[in-house]
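Report on the structure given below.
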Amino acid sequence: MNLVSFNVFRTLGLPNTTVLKPDHFLRHRELLTEADWVLFPEYWQLNALVHGLKCRVFPSVSSYRIGHDKVEMTRAFQTVAPAHTPWTLIEANGPHERDQVWNTMTHPFVAKLPKASMGEGVWLIETRADWRRYCEATDVLYVQEYLPIDRDARVVVIGDRVLTAYWRTQADQGFYNNLARGGRVDSSPVPSVVTDLALRLARELGVDHAGFDIALVEGYPYVLEFNRLFGNQGLGQGSELQDAILEYLQRQDEPPGPNDPTAPEQVWSTAV
């Protein structure tokens, strides 16, 4: 395969890969159009590459579009797995909406900035002062019920399979499980009810490169979000991730076999 990458760190070790700087991508139209896959472009490149140059990109367009914004992500989750999505309110940030959300939610509750990542922009709302500070920092009100957990599971999906799954335990200051905010990796087994939910969401939404964050409440899984560009703190130090990406891309170029459920049904001509 002939690959072009815009992220040297995430594609290090992949064979036949040319690395380009995102800002210079239009200087390399021919290289891009001849590539079998274009890997890890910036979000702002997506329309030009997919619709303009007709490139195949990895991660998938769905991974980019849905993973770009927590509001859109939650709405997607609500369509395919509403029973596994925490109760969420999304409103414009106006005086009436602020009061309505405050009076509707059970306290405490969680508020988020729609485009933050790595544990940033997540607020535990316990008081009116907490709520006021959050409202002053966002354009959109995005709030969820508070789940009584001290850990969540990170499930890494590559292509159409789970690569790895591990627990992230709560930071010393409480509330945050994200490793960037002081959470810790716990390698205890993650139950299949969690990994099955992540894989189901990935397949139904067309997401092929993501770290899903899933909470388990009394044995029942709730999806919190996914990160298209997830951290590697909980992954091994070898080439397992790159190998999984390469294997998935190669399989996309193989014609489906007769027993492949994704293969189109063969229609035989009949005499009239």
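Start at 1 with the first residue, then count along the sequence.
Checked by atom type and distance alone, the side chain of Asp69 never pairs as donor or acceptor with a backbone atom of Lys115 at under 3.5 Å. Proximity of a side-chain donor or acceptor of Ser239 to a complementary backbone N or O of Gln242 within less than 3.5 Å is not detected. For Ser63 (side chain) and Asp208 (main-chain N/O), a donor-acceptor pair under 3.5 Å exists by modelled atom type. With hydrogens and angles ignored, the 3.5 Å screen pairs a side-chain donor or acceptor of Ser60 with a backbone N or O of Gly206. Judged purely by atom type and a 3.5 angstrom limit, Asp186 has no side-chain atom pairing as donor or acceptor with the backbone of Trp167. No donor-acceptor pair under 3.5 Å is formed between the side chain of Thr74 and the backbone N or O of Val71. For the pair Tyr134 (side chain) and Lys112 (backbone), a donor-acceptor distance under 3.5 Å is present.
For the ring pair (Phe, Tyr, Trp, His ring centres under 6.0 Å) condition, the pairs that include at least one residue of residues 213-232, sequence neighbours left out, are His84-Tyr220, His209-Phe230, Phe212-Phe226, Tyr220-Tyr222. Listed by first then second residue, pairs satisfying side chain to side chain donor-acceptor pair (under 3.5 Å) with a partner in residues 190-202 read Arg200-Glu204, not counting sequence neighbours.
The closest side-chain heavy-atom distance from Tyr146 to Met105 is not below 4.5 Å. Within the 4.5 Å cutoff, side-chain heavy atoms of Arg10 are placed close to those of Leu229. Taking the side chain as every heavy atom from C-beta outward, Thr104 and Trp87 approach each other to under 4.5 Å. Looking at heavy atoms from C-beta onward, Val157 lies out of side-chain contact with Arg203 at the 4.5 angstrom threshold. Counting heavy atoms from C-beta on, the side chains of Asp36 and Asn2 come closer than 4.5 Å. Using a 4.5 Å cut-off on side-chain heavy atoms (C-beta onward), Leu147 and Leu224 make contact. Considering only heavy atoms from C-beta on, Glu72 stays 4.5 Å or farther from Arg65 through its side chain. Using a 4.5 Å heavy-atom threshold, the side chains of Thr85 and Val223 count as touching.
Judged as a salt bridge (Lys or Arg N to Asp or Glu O under 4.0 Å), and not counting sequence neighbours, Glu34 has no contacts. Considering only residues two or more places apart in sequence or on other chains, His28 meets the ring pair (Phe, Tyr, Trp, His ring centres under 6.0 Å) condition with none of them. In this structure Thr127 satisfies the side chain to side chain contact (heavy atoms under 4.5 Å, CB included) test together with Ala129, Asp130, sequence neighbours excluded.
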Steps toward side chain to side chain contact (heavy atoms under 4.5 Å, CB included) verdict (Leu216, Ile149): CA-CA 7 Å; Leu216 204 57; Ile149 59 173; over 6 Å; no
Worked check of ring-ring contact (aromatic ring centres under 6.0 Å, His included) between Trp131 and Phe109: CA-CA 10 Å; Trp131 181 234; Phe109 59 93; 5.4 Å; yes
Pair Gln252-Trp37, side chain to side chain contact (heavy atoms under 4.5 Å, CB included): steps then yes or no: CA-CA 10 Å; Gln252 303 318 295; Trp37 290 92; 3.6 Å; yes
Residues Asn227, Arg154; criterion side chain to side chain contact (heavy atoms under 4.5 Å, CB included); working and verdict: CA-CA 10 Å; Asn227 289 278; Arg154 165 60 59 88; 3.4 Å; yes
Trace of the side chain to side chain contact (heavy atoms under 4.5 Å, CB included) decision for Val61 with Val50: CA-CA 8 Å; Val61 173; Val50 173; 3.9 Å; yes
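The same ILVMFWY cluster, assembled from side-chain heavy atoms under 4.5 Å apart, contains both Val57 and Leu26. Linking ILVMFWY side-chain heavy atoms closer than 4.5 Å, directly or via other members, places Tyr64 and Leu249 in two distinct hydrophobic clusters. Trp123 is connected to Val140 through a chain of hydrophobic side-chain contacts under 4.5 Å among Ile, Leu, Val, Met, Phe, Trp and Tyr, so both are in one cluster. Each of Val38 and Ile245 belongs to its own hydrophobic cluster when Ile, Leu, Val, Met, Phe, Trp and Tyr are linked at side-chain heavy-atom distances under 4.5 angstrom. Tracing side-chain contacts under 4.5 Å through hydrophobic residues (I, L, V, M, F, W, Y), one reaches Trp102 starting from Leu113; they form part of the same cluster.
We find that Asp99 and Arg128 are joined by a salt bridge, their nearest charged nitrogen and carboxylate oxygen being less than 4.0 Å apart. Taking the charged nitrogens against the carboxylate oxygens, Arg132 and Glu136 have no contact shorter than 4.0 Å, which rules out a salt bridge.
A pairwise comparison of heavy atoms in Thr11 and Ser5 identifies OG1-OG, 2.7 Å as the closest pair. In terms of heavy atoms, Thr138 sits closest to Asn93 at O-ND2, 2.7 Å. Contact between Ile214 and Pro221 at its shortest, heavy atoms only, is CG2-CB, 3.9 Å. Heavy-atom minimum distance, Met73 versus Gly67: CE-CA, 3.8 Å. Here the shortest heavy-atom pairing between Leu32 and Val4 reads CD2-CG1, 3.7 Å. When all heavy atoms are compared, the tightest approach of Val190 to Ala153 is CG1-CB, 4.0 Å.
We find the CG-CZ distance between Leu3 and Arg56 to be 10.0 Å, quoted to the nearest 0.5 Å. Thr88 contributes atom OG1, which lies 3.5 Å from atom CD of Gln144 (distance to the nearest 0.5 angstrom). Rounded to the nearest 0.5 angstrom, Arg228 CZ and Tyr43 OH are separated by 9.0 Å. Expressed to the nearest 0.5 Å, how far CG of Leu205 lies from OG of Ser62 amounts to 7.5 Å. The distance from the CZ atom of Arg75 to the CD1 atom of Ile90 is 4.5 Å, given to the nearest 0.5 Å. The distance from atom CG of Leu49 to atom CZ of Arg29, rounded to the nearest 0.5 Å, is 10.5 Å.
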Per-pair distances, 0.1 Å, donor-acceptor, side chain in residues 15-25, under 3.5 Å, sequence neighbours excluded:
{"from": "Thr17", "atom 1": "OG1", "to": "Leu14", "atom 2": "O", "distance (Å)": "3.2"}
{"from": "Thr17", "atom 1": "OG1", "to": "Pro15", "atom 2": "O", "distance (Å)": "3.0"}

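Within a 6.0 Å radius of CG in Asn103, other residues, nucleotides and ligands contribute more than 12 heavy atoms.
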